[in-house]
Amino acid sequence: MANYEDIFKKVVAHAKEYGFVFQSSEVYDGLGAVYDYGPYGSELKNNIRTYWWKSMVNMNENIVGIDAAIFMHPTTWKASGHVDAFNDPLIDNKDSKKRYRADVLIEDHTAKIENKIEKEVKKAAKRFGNSFNQEQFINTNPRVLGYKEKISAIMARFSKAMENDDLADIKTQIEELGIVCPVSGTKNWTNVRQFNLMFKTQMGSTADGANDLYLRPETAQGIFVNFLNVQKTARMKIPFGIAQTGKAFRNEIVARQFIFRMREFEQMEMQFFVRPGEEIQWYEHWKDARIKWHHSLGMGEENYRFHDHENLAHYANAACDIEFKFPFGFKELEGIHSRTDFDLKSHQEHAGRKLQYFDPEINESYVPYVVETSIGLDRMFLTILSHAYNEEKVNGDTRLVLNIPAMLAPVKAAVLPLTKKDNMPEKAREILKELQCDFNCQYEEKDSIGKRYRRQDAIGTPFCITVDHQTLEDNTVTVRDRDTMEQSRVSIDKLHSIISKKVDIKNYLQ
RNA sequence: GCGAGUGUAGCUCAGGGGUAGAGCAUCACCUUGCCAAGGUGAGGGUCGUGGGUUCAAAUCCCAUCACUCGCUCCA
């Protein structure tokens, strides 16, 4: 395991050293859980996005794309459930290190008092036998009344504190009630804090009169609110899908594992709208289609697995993850969820507008069910980078190579004059010019040829094209393969097709 | 938020009270010319930040910040 961690460390260091990923705002000591993509990183990221887009949107005639804004009407997040689900006041016990929802602690406490009432009732029932009038007892017994008063006093104070955002009072209340941690049994509590999943900001240039907005925590809602727009304008018939890539933001509590978990990240999502009752069949369809997409990259089928969700979210009736074997273990890479009609229905209610589809085949209107595929672009990036990173032994020496799927490689070919003399640089630049238009290429003349090969290996360039003396005579060059290190001599006019053959997306899309 | 660790050159690290070091990398020139590490030279750091102790602090003390790991959290 330590070995895996070492490899992961090396991957992270490599990502920085070779301009793939930098820590955000590094000159200011960094910003937690935020990263920037460098020259090669941004190329790789673009290539991954393009591959996804082509295979999802361009290769499926019933899927179209959109690009929705990051800002959305605040009610969107009420409808999606994000506002309510993440307003919980949280408190930690310093001894057990356990975190609790403050409202749950207080509710548990009142539940205990309720139990006491029940006990009183049972006792009384025994005592009075058949003549026992439970209702009367509860309304008159001084002890029971005392308990009830206690409960309502607690709840009243708690609600008031919540309304006023008086977190300090909630803590005081927990202390005064003598609530102890169920694990450690102590009253050693931290302050009550609220963790917001969503980033809040303001729209409007003046502070007063500005509206609170959120940076979207998921891209899906941009698709749902545009459901009718897209369906009508692109004349889509169910079943059909809407895809989009874009940034999403989450105020997570801590940062871990490099770009695996970021506050600002990019999603590649597709929401597929289907007839109610057919969602599970489509869910299976997309599970299959998506795992095939992953396998198409040739990074080892054994490195992927499905993980079915046991606890389904409020909106889902089936859900699974595709997990990839990262250096730190199998982790979620993509989610496939059958989201039912929850989202569209909820928007329908909150917006007061019908979000329905008239299905001419069955002559009926309904709110479509949705099957979602949602993959993290940054996670996909990490998948590729960590899988591609290899240290090979070559003649007692270590070769560091990124075996990135050729189609995704940031640079497809490097054109290298063997020496800086005898017109070789000029010839090499001629070749570069020829290839540049179709492939991202590099020209390099510094250092020994071997050194240049290794530098290209380190950024995952599939081809190195070397111009030598013979080139000037017969227009042939050597082409060196990244993965095998083998060289072959080919004529310059074959270069285009040799590179194409390996890097064309067509070879990967089935 | 708790606990632990780390912060010295672009990278990896050494140094441990007395005016900053190595290797690699970078740049220039020379040399070589098909798989890294040839030669000569150069640039680059007030040792995370602030304060304290001291004649003197990168070094000791305190605080603080950032990062890493574990816990917590992660529709």
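Predicted model, so just to flag it, every value in this text is computed and none were measured. Chain identifiers are assigned alphabetically (A, B, ...) following the order of the sequence lines, protein sequences preceding nucleic acid strands; residue numbering begins at 1 within each chain.
Nucleotides B:rU46 and B:rA9 are separated by 10 Å at their P atoms, to the nearest Å. With both ends at atom C1', the span from B:rU40 to B:rU49 equals 40 Å, rounded to whole Å. Taking atom P on both nucleotides, B:rG52 is separated from B:rC71 by 41 Å, rounded to a whole Å. B:rC47 and B:rU8 have their C1' atoms separated by 4 Å, given to the nearest Å. Nucleotides B:rU59 and B:rG21 have their C1' atoms positioned 15 Å apart, rounded to a whole Å. Comparing the same atom, C1', in B:rA25 and in B:rG43 gives a spacing of 13 Å after rounding to whole Å. Comparing the P positions of B:rG70 and B:rC35 gives a spacing of 43 Å, expressed to the nearest Å. Here, B:rC74 and B:rG16 have their P atoms 47 Å apart, quoted to the whole Å.
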(request) Take A:N317 and A:E279, measure what side-chain hydrogen bond (donor to acceptor under 3.5 Å, both in side chains) needs, and give me the verdict at the end. (result) CA-CA 9 Å; A:N317 66 359; A:E279 69 273 12; 3.2 Å; yes

(request) Would you check, one step at a time, whether the test salt bridge (Lys or Arg N to Asp or Glu O under 4.0 Å) holds for A:E430 with A:K433? (result) CA-CA 5 Å; A:E430 251 176 57; A:K433 232 176 187 172; over 6 Å; no

(request) Assess whether side-chain contact (heavy atoms from CB on, under 4.5 Å) is satisfied between A:I242 and A:I63, documenting all intermediate values. (result) CA-CA 6 Å; A:I242 303 176; A:I63 298 179; over 6 Å; no

(request) Start with the C-alpha gap between A:Q267 and A:L377, add the side-chain angles, then the distance that decides, and say whether side-chain contact (heavy atoms from CB on, under 4.5 Å) holds. (result) CA-CA 5 Å; A:Q267 293 183 303; A:L377 175 49; over 6 Å; no

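Rounding to whole angstrom units, CD of residue A:E445 and P of B:rA28 are separated by 10 Å. When the P atom of B:rC35 is taken as reference, atom CZ of A:R480 falls 10 Å away, rounded to whole Å. When rounded to the nearest whole Å, the span between OH of A:Y214 and P of B:rA75 equals 18 Å. If you measure from atom NZ of A:K78 to atom C1' of B:rA75, you get 16 Å, rounded to the nearest angstrom. With rounding to whole Å, A:E17 atom CD is found 9 Å from B:rG10 atom C1'. Rounded to whole Å, the distance from CG on A:D447 to P on B:rC30 is 14 Å. Distance, A:L418 CG to B:rU31 P: 16 Å, rounded to whole Å. A:Q456 places its CD atom 17 Å from the P atom of B:rC35, with the value rounded to the nearest Å.
The A:K16 side chain lies nearest to B:rC11 when the options are B:rC11, B:rC27, B:rA75. For A:R452, taking side-chain heavy atoms from C-beta onward, the closest of the listed nucleotides B:rU26, B:rC74, B:rG33 is B:rG33. Listed candidates were B:rC27, B:rA75, B:rC34. Nearest to the side chain of A:Q267 is B:rA75. Comparing atom distances between the A:Y453 side chain and each of B:rC35, B:rG33, B:rA75 picks out B:rC35 as nearest. In this structure, of B:rA75, B:rU68, B:rC34, it is B:rA75 that holds the atom nearest to the side chain of A:R250. Checking B:rC34, B:rC35, B:rG33 against the side-chain heavy atoms of A:T419 singles out B:rG33 as nearest. Closest approach to the A:H82 side chain among B:rA75, B:rC34, B:rC74 is made by B:rA75 (side chain taken as heavy atoms from C-beta onward).
OP1 or OP2 of B:rC73 has not a single side-chain nitrogen or oxygen of A:R263 nearer than 4.0 Å.
Counting all heavy atoms, side chain and backbone alike, A:I404 lies closest to A:P410 at CD1-CD, 3.9 Å.
Counting non-hydrogen atoms under 4.0 angstrom, A:K446 reaches the backbone sugars and phosphates but no base. Across all strands shown, A:Y35 has heavy atoms under 4.0 Å from sugar-phosphate atoms exclusively, and none from any base. Residue-level contact check: A:R455 touches the backbone only, with heavy atoms under 4.0 Å from sugar-phosphate atoms and none from bases.
Judged as a ring-ring contact (aromatic ring centres under 6.0 Å, His included), and not counting sequence neighbours, the contacts of A:F324 are A:Y304, A:F326. Remark: A:H307 engages no residue in a ring-ring contact (aromatic ring centres under 6.0 Å, His included) (not counting sequence neighbours). Residues meeting the ring-ring contact (aromatic ring centres under 6.0 Å, His included) test with A:F272, sequence neighbours left out: A:W282, A:W286. The salt bridge (charged side-chain N to carboxylate O under 4.0 Å, His left out) search around A:E278 returns A:R275, not counting sequence neighbours.
With hydrogens and angles ignored, the 3.5 Å screen pairs a side-chain donor or acceptor of A:E269 with a backbone N or O of A:A220.
Residue A:F260 forms a side chain to side chain contact (heavy atoms under 4.5 Å, CB included) with just one option from A:L333, A:L382, A:D378, and that option is A:L382.
In this structure, A:S374 and A:A13 both approach RNA chain B, and ranking their closest nucleotides by distance from the 5' end singles out A:A13. Between A:T466 and A:E372, the residue anchored nearer the 5' end of RNA chain B, judged by the nucleotide with its closest heavy atom, is A:T466.
At a cut-off of 3.5 angstrom, counting only N and O atoms as typed in the model, there is a donor on one side and an acceptor on the other between the side-chain of A:D468 and the base of B:rC34.
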(request) Go along nucleotides 36-44 of chain B 5' to 3' and tag each nucleotide: B for a protein heavy atom under 4.0 Å from its base, S when only backbone or sugar atoms are that close, - otherwise. (result) B--------

(request) Any chance you could encode RNA chain B as dot-bracket? Rule is Watson-Crick or G-U wobble with both distances under 3.5 Å; [ ] for pairs crossing earlier ones, | for another strand. (result) ((((((((.[[[[.)..(..]]]].(((((.......))))).....[[[[[..)....]]]]])))))))....

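Remark: A:R480 fails to qualify as a cation-pi partner of A:F463 under the 6.0 Å distance and 45° angle criteria applied to the six-membered ring.
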